[in-house]
Amino acid sequence: NNYFYDDKTNRSKMKKKLTRSDDKIIAGVCAGIAEYFGLDISLVRIGYILLSLIGVVFTGILAYIILWIIIPDKQWTINNKQLTNWKSIN
């Protein structure tokens with residue numbers, strides 16, 4: 001899941017973050033968006049393909065690459081959060 005502890009508030013509260021998914025075909029962008037909004041991964045992928053075909057295909061590819069760069073990888077986010085927690089303890 002995409003829930004992480006927010007150390008600035010109470011640890012019992014969870015904060016939902018948009019991350020790229022491990023269930024990926026190319027970079028996990030569509031799967032990450034589907035997980036974040038609670039949608040079916042296949043529907044998000046099909047929707048992306050349809051929107052890319054309706055518009056200019058290059059725009060869809062460019063948007064995907066930009067999202068790939070902007071949205072952090074789930075594993076990196078978890079590791080970075082663990083490192084931050086470790087530093088605050090020590």
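Values in this document were obtained by computation on a predicted structure and should not be read as measured data.
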Sidechain-backbone polar pair: R20 side chain, G32 backbone, donor-acceptor under 3.5 Å: no
4.5 Å side-chain heavy-atom contact, K74 and E35: yes
pair W68-I26: side-chain heavy atoms closer than 4.5 Å: yes
Connected via hydrophobic side-chain network under 4.5 Å: L39 and Y36: yes
Closest contact, heavy atoms only, C30 versus V44: O-CG1, 3.5 Å
Over all atoms of both residues, closest heavy-atom pair of I71 and V29: CD1-CG1, 4.3 Å
Interatomic distance, S21 atom OG to I33 atom CD1 [nearest 0.5 angstrom]: 11.0 Å
Enumerate, atom names and distances included, each donor-acceptor pair closer than 3.5 Å involving a side-chain atom of residues 45-65, sequence neighbours excluded.
from: R45; atom 1: NH2; to: D23; atom 2: O; distance (Å): 2.9
from: Y48; atom 1: OH; to: G60; atom 2: O; distance (Å): 2.5
from: S52; atom 1: OG; to: Y48; atom 2: O; distance (Å): 3.0
from: Y64; atom 1: OH; to: A27; atom 2: N; distance (Å): 3.2

